[in-house]
Amino acid sequence: MNIEREVIIDLLPLYSAGELSPASRRLVEEALAQDASLRQLANTLQNTTGAGDLNRESGLQQLDRELDNLLGSPPAPTAEEEKRTFSQTRLRMAVRGGLVGAAIFATLSIFAFWFDGNSITLFKEAFPQLVPPLLVAAAALWGLVLLNSWLGRN
């Protein structure tokens with residue numbers, strides 16, 4: 001039977017704690033006999049679970065790094081990287097909010113109207129020369145909103 005490495009890695013903590021059934025224990029031991037990196041990970045885990053609190057903490061960090069290397073996971077970001085990412089996201093959201101507001105204003109201003117006591121006057125009838133620039137501005141602002149959203153995803 002061919003079991004994926006991830007399944008064996010998931011079973012390693014239970015194996016080192018002695019909590020596996022005999023059949024599962026045999027399965028893990030067979031996988032450990034065939035794979036040196038899994039053996040090293042199991043040894044590290046076994047040393048970690050039997051150590052004191054200080055050694056246990058550093059051992060868990062070591063185990064976490066080894067698991068990341070084994071599974072090809074990217075390293076966890078540092079606190080400084082998380083702060084920078086959060087600040088960039090907050091700035092991008094503020095810019096996006098301003099762009100969306102300006103785009104909505106430019107789009108809806110074309111349909112603006114006012115009542116002068118006797119009649120209702122539409123903006124596009126009172127100032128027809130301003131409608132094309134407002135349409136261009138609205139299209140450009142909506143394009144910037146889309147660009148900002150696209151850049152936020154990449």
Side-chain angles (χ1 to χ4, degrees), residues 1-113 123-124 130-154:
M1 181 172 8
N2 189 8
I3 304 292
E4 291 188 26
R5 291 184 81 209
E6 286 81 17
V7 173
I8 301 299
I9 290 171
D10 289 344
L11 291 174
L12 281 179
L14 294 173
Y15 173 77
S16 65
E19 298 292 326
L20 286 179
S21 68
S24 297
R25 186 171 202 68
R26 276 193 307 275
L27 186 70
V28 170
E29 288 171 350
E30 287 174 14
L32 292 176
Q34 295 173 1
D35 192 336
S37 62
L38 282 176
R39 261 194 316 275
Q40 181 183 3
L41 186 61
N43 289 338
T44 304
L45 185 61
Q46 210 119 39
N47 294 340
T48 301
T49 55
D53 284 344
L54 290 177
N55 289 339
R56 183 181 179 135
E57 186 65 31
S58 63
L60 287 175
Q61 291 172 353
Q62 174 67 21
L63 179 65
D64 198 29
R65 282 192 298 275
E66 288 183 22
L67 270 174
D68 286 344
N69 289 339
L70 190 64
L71 297 175
S73 302
T78 64
E80 193 59 40
E81 290 172 334
E82 286 182 1
K83 284 181 190 177
R84 186 178 62 243
T85 302
F86 180 72
S87 296
Q88 289 172 347
T89 302
R90 193 168 53 182
L91 176 64
R92 185 172 284 122
M93 293 302 292
V95 168
R96 182 173 180 234
L99 285 172
V100 167
I104 290 172
F105 176 78
T107 302
L108 294 180
S109 64
I110 297 167
F111 303 105
F113 61 91
F123 178 82
K124 66 180 183 176
L130 292 179
V131 171
L134 275 174
L135 287 173
V136 169
L141 286 167
W142 284 116
L144 288 173
V145 167
L146 291 174
L147 179 65
N148 181 283
S149 295
W150 181 77
L151 288 175
R153 290 189 188 108
N154 293 332

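Heavy atoms only: backbone and side chains are in, while hydrogens, waters and symmetry mates are out.
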Glu29: partners by salt bridge (charged side-chain N to carboxylate O under 4.0 Å, His left out), with sequence neighbours left out: Arg25
Nearest non-hydrogen partners of Leu12 and Leu32, listed with the distance: CD2-CD2, 4.1 Å
Counterpart residues, salt bridge (charged side-chain N to carboxylate O under 4.0 Å, His left out), relative to Arg39 (two or more places apart): none
Reported CD-to-CD distance for the pair Glu82 and Glu80, which is rounded to 0.5 angstrom: 10.5 Å
Name of the residue among Thr107, Ile110, Leu130 meeting side chain to side chain contact (heavy atoms under 4.5 Å, CB included) with Leu135: Ile110
Non-hydrogen side-chain atoms of Ile104 and Leu141 separated by less than 4.5 Å: no
Side-chain donor/acceptor of Ser24 to backbone N/O of Leu20, under 3.5 Å: no
Gap separating the CG atom of Leu146 from the CZ atom of Arg96, nearest 0.5 angstrom: 9.0 Å
Which residues share a ring-ring contact (aromatic ring centres under 6.0 Å, His included) with Tyr15, sequence neighbours left out: none
Minimal non-hydrogen separation, Ser37 against Asp35, with atom names: OG-OD1, 2.8 Å
Any donor-acceptor pair under 3.5 Å from Glu30 side chain to Leu27 backbone: no
Note, Trp142 side chain near Leu99 side chain (heavy atom, < 4.5 Å): no
Interatomic distance, Arg92 atom CZ to Leu151 atom CG [nearest 0.5 angstrom]: 6.5 Å
